[in-house]
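These numbers were taken from a predicted model, which means no experiment stands behind them. The figures here come from the full heavy-atom set of this structure, side chains too, leaving out hydrogens, waters and symmetry mates. Chain naming here is simple, since letters A, B, ... match the order of the sequence lines and numbering starts at 1 in each.
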Amino acid sequence: MSNRHIVVLGNGITGITAARTLRKRSNHRITVVSGETDHHFSRTALMYIFMGDMRYEDTKPYPDDFWPKNRIELKRGWVQSINTQQKQLLFKNQESLSYDTLILATGSKPNRFAWPGEELEGVQGLYSYQDLEMMERNVKGAKRAVLVGGGLIGVEVAEMLLSRGVQVTFLVREKTFWGSVLPKEESAMINREIRAHGVDLRLETGLQEILANTAGGVRAVRTLTGEEIPCEMVFLTAGVSPQIEMVKDSGIDCDRGILVDRFLRTSAPDVWAGGDCAQHREVPEGRRPVEQVWYTGKIQGERMAANICGDHSEYDPGIWFNSAKFFDIEYQTYGLVMPKLKQGEKTFYWEHPEGNKSIRINFEESSGAVLGMNVFGIRHRHALWEKWILEKTSIQEVLSHLGAANFDPEFYKQYESEIIHAFNLHYPNQSVELKTKKGLFSKFLEEFFK
Amino acid sequence: MSDITANLAYESHSIAHHGPRLRIREKIALTAMALGSMFLALSLIAVNAGTSEMIKSLWFNFSWILAIGGGGYFALSKHLMDRPGVRNQGKTTDSLTSRGAWGWMIGIVFTSFYICLYWFPGQLEGLVRIHDPFSLFMRGRAADEWFVYGTIYTILTLLMGAKAIAKYRHNRYQIIRTSVIMIVQLSFSYLFPVLAAKFSQPEIYFSYLWPLAYDKLFPGSIDHFLHSGAIGYFIIGWFVIGTFVATPVLTYYFGKRWYCSWVCGCGGLANTMGDSWRQVSDKSLKSWKIERWTIHTVLAFIVILTLILWFEPYLPVLFKEIAFQMRKFYAFVIGAAFSGVIGVGFYPLMGTRVWCRFGCPMAAVLGLLQRFNSRFRITTNGAQCISCGNCSKYCEMGIDVRHYAQRGQNIIRASCVGCGICATVCPRGVLSLENGPQENRYNQEQGLSLLGKMKSK
């Protein structure tokens, strides 16, 4: 294979995984382009920089000398446009860079919905490093912030602001927080957690307009119910959408995102796209066309690189999983759990009396096969749940070995017997007995890991 | 190309305050602690051998009650007024915990104390004298600098241990572990030797084993114990079994943590008083390389010295002098300068485990056992890692935990003391300290459909 120049646009998790995989598998010249930062950093850790848990340097997953050592060239600059005929990137400062193969991993930008006043000073989203710098400027002297839109970023922003003594009002259009993803019990738990931390959470309301002060900054917001809330900062946290400004006029097919086939090829020759910015023409089952998740970016980066190196495999995200943290409550999910049960689906839900731990397992009514689970405040073992879901293990079998999936630290109280007790009360005809407790000494896990 | 941090002001945002605001009560407590500490310091110049017992006693009680009462209230209240959970906000922005002016100042105070303790104990005379009445009560004789050191060490371990429990009260592993190191410090490393002194028995620190307590297995010490009657035999048995049986067996089952994070006083101080500085440890590859050289050199040195001492009768006379010089060198450079002055004095500058990481020969032995013959590992949970870096940042041993976690690999490193903080601070439930079968210890989850793909080959 001849040596080509492969340019990766974007140094987020997708672009960097692609570059690393290319380096492992080939001798091509690799250049990673970013306008955001010199080096790859973990976007998910932006909140920790602001709160003072970590410095920017600490959020870099690879030391700075990793890149020259692995012959991955880094180029800092904002790309203006792409010429797919001449195979060239044009930068905002008029520089240009030629490529033989191009990987687009440009990420996202915060959603805006043409709200009156959204262009004012003090109105922002949180996605990029520049957003964090802006937040650092805007927070000076701020007493109250209004967050518009309930999602994972909103919760993080709330936690960040509270750590600096800024009061937070959180406007959420749904009946309950993250109600489009979480069933109502779990969502209610998170509503309570958000409020317990002193956030003024307002459900079933949204933003009407943002009101200016005389200096062009924010004075207040008016909600859909007509209420005026004085504030100095407004955060638009109603999700993100693909960042494709520089791609739009290049002739590459775009819809909401850059359209890609199952191999992650775009409509232009030798141009690939993956991660947040990509929109899948054929959507894998149970998935969304645009999926802004850390690990799917990672898998897509790896897949693009492998295909460029001569593999010919489709992108396969595998069994869905995800995790998050809502203030002090950790959340993990494996398989599919929708807010509402589907036809032929049953659910089992257990919640700790204190209301800060829970587990839900959805299963097929006819066969009992587990389909997905949500767990809050308890940690569970990814590998085991993946196996259970892939192999359509029955809920009885899963529950009897539930201890094997427990990934909490040592000495933590174990709730498996309480959970099983609750199941047996609910489904007396299918009652279960706990066979495997937590710990690697268990025969069950020993078998599993062989 | 200058890095982006250059134009950032994160280091010194003046408006930043992290966590709940201090109330008037906390401010009073803080003032009391400062006042108590000031009086302790003042004794250095104001008290001498001629000071009356009455004044000494008053001075001792007044300063310690203020320091402990104020410090204890402040430290506990600061954490208890917040909800339980991971609270590291402000660690990289506060001057005290991010190598700022306060950090340097505390570092200089600690270092100066150790320099005086080891080489100029006369400078501590005033402080020693105010402890006379307490020492008389506890062990029937006047205080000396080592009694004072032990007392301060134990008070700090207990006080800051209580603080650590308050801080990590959402985590039972941390609660139990911290309680145990507090109890071990108070009993094995303080009350037992102190009471032994009172009843004219050998003052033995049972929690420090060879080769950390490097002279415990020297022929001279063994000989001394042999002449101390029944208790002497017990002591010899304790240390021989401790080093050659308990160490490999316990490390096989639980990893090196059973000692470094549950028993050892050095680890005890690091995880209680030092907890606020764990994040300043260096995470670079270079420091890992240095650490492997230094720690194994110290171990080799102490093993060779011990062997020479045992075989001295069969060796040329020259070795007597060599052993003498080696002992002198070790006591000065390693025992005092390294483990004390740098080991604790540099807490705010190099992190809390400088000695444990770069010098301790016991940690070296345990590390080799942990690396090659143990069931312990930190398991990485599938592909849930988001590379945020909290685990690496808060590793006191400077292990780049994230390096492994983001590749889906388990973490098995000789230096890991199993404090469990990486698993505590992880926001995605990715890490867990586990003991299990040695097969596939490094990567037990390979071969699964998705995970197989996610692992770096």
_For a side chain to side chain contact (heavy atoms under 4.5 Å, CB included) check, start with the C-alpha distance between A:Arg381 and B:Thr379, then their side-chain angles and the critical distance, and finish with the verdict._
CA-CA 10 Å; A:Arg381 214 178 276 277; B:Thr379 307; 4.3 Å; yes
*Begin with the C-alpha distance, continue with both residues' side-chain angles, and end with the deciding distance and a verdict on side chain to side chain contact (heavy atoms under 4.5 Å, CB included) for B:Gln406 and A:Lys298.*
CA-CA 10 Å; B:Gln406 68 193 356; A:Lys298 218 166 163 175; 4.3 Å; yes
*Test salt bridge (charged side-chain N to carboxylate O under 4.0 Å, His left out) on A:Lys438 and B:Glu434 and set out the steps.*
CA-CA 11 Å; A:Lys438 179 177 180 285; B:Glu434 297 189 309; 5.8 Å; no
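Looking at B:Arg87, the atoms closer than 4.5 Å to chain A (heavy atoms on both sides) all sit in the side chain, from C-beta outward. In this structure, no portion of A:Phe326 lies under 4.5 Å from any heavy atom of chain B. At a 4.5 Å heavy-atom cutoff, the contact between B:Ile176 and chain A is made by side-chain atoms alone. With a 4.5 angstrom heavy-atom cutoff, A:Pro61 touches chain B via backbone and side-chain atoms both. Residue A:Asp408 touches chain B through its backbone alone, counting heavy-atom pairs closer than 4.5 Å. Interface remark: B:Thr97 contributes no atoms to any contact with chain A (heavy atom separation under 4.5 Å).
Of all heavy-atom pairs between A:Arg379 and B:Cys426, the closest is NH2-O, 3.1 Å. Closest approach of A:His382 and B:Gly382 over heavy atoms only: ND1-CA, 3.6 Å. A:Gln332 and B:Asn381 make their closest contact through NE2-ND2, 3.7 Å (heavy atoms, listed as atom of the first residue, atom of the second, distance). Nearest heavy atom pair, residue B:Ser432 against residue A:Phe407, reads CB-CZ, 3.3 Å.
One finds the CG atom of B:Asn88 at 5.5 Å from the CG atom of A:Asp53 (value rounded to the nearest 0.5 Å).
For a heavy-atom cut-off of 4.5 Å, chain A lies close to B:His170, B:Asn171, B:Arg172, B:Tyr173 in residues 167-174 of chain B.
Chain B forms the most heavy-atom pairs under 4.5 Å with one residue out of A:Lys413, A:Arg43, A:Glu410, and that residue is A:Glu410. Annotation: maximal heavy-atom pairing with chain A below 4.5 Å, among B:Val430, B:Asp400, B:Leu285, occurs at B:Val430. Options A:Thr21, A:Asp328, A:Ile13 differ in how many heavy-atom pairs under 4.5 Å they form with chain B, and the most are formed by A:Asp328. In terms of non-hydrogen atom pairs under 4.5 Å with chain A, the most contact-rich of B:Arg402, B:Lys283, B:Gln279 is B:Arg402. Among A:Trp294, A:Tyr62, A:Tyr48, A:Phe41, the residue with the largest count of heavy-atom pairs under 4.5 Å with chain B is A:Trp294.
Side chains of B:Gln89 and A:Ser163: no donor on one and acceptor on the other come within 3.5 Å.
Ionic pairing of A:Glu193 and B:Arg83 is present here: one or more N-O contacts between side-chain nitrogen and carboxylate oxygen are shorter than 4.0 angstrom.
No donor-acceptor distance shorter than 3.5 angstrom exists from the side chain of B:Ser392 to the backbone of A:Asp58, with no hydrogens or angles considered. Side-chain N or O atoms of A:Thr59 include none that pairs as donor or acceptor with a backbone N or O of B:Cys388 at under 3.5 Å. Judged by distance alone, the side chain of B:Thr92 and the main-chain N or O of A:Gly52 form a donor-acceptor pair under 3.5 Å.
Looking only at side-chain heavy atoms (C-beta outward), A:Glu330 and B:Arg428 stay at 4.5 Å or farther from each other. With contacts defined as side-chain heavy-atom distances shorter than 4.5 Å, the pair B:Lys286/A:Asp65 does not qualify.
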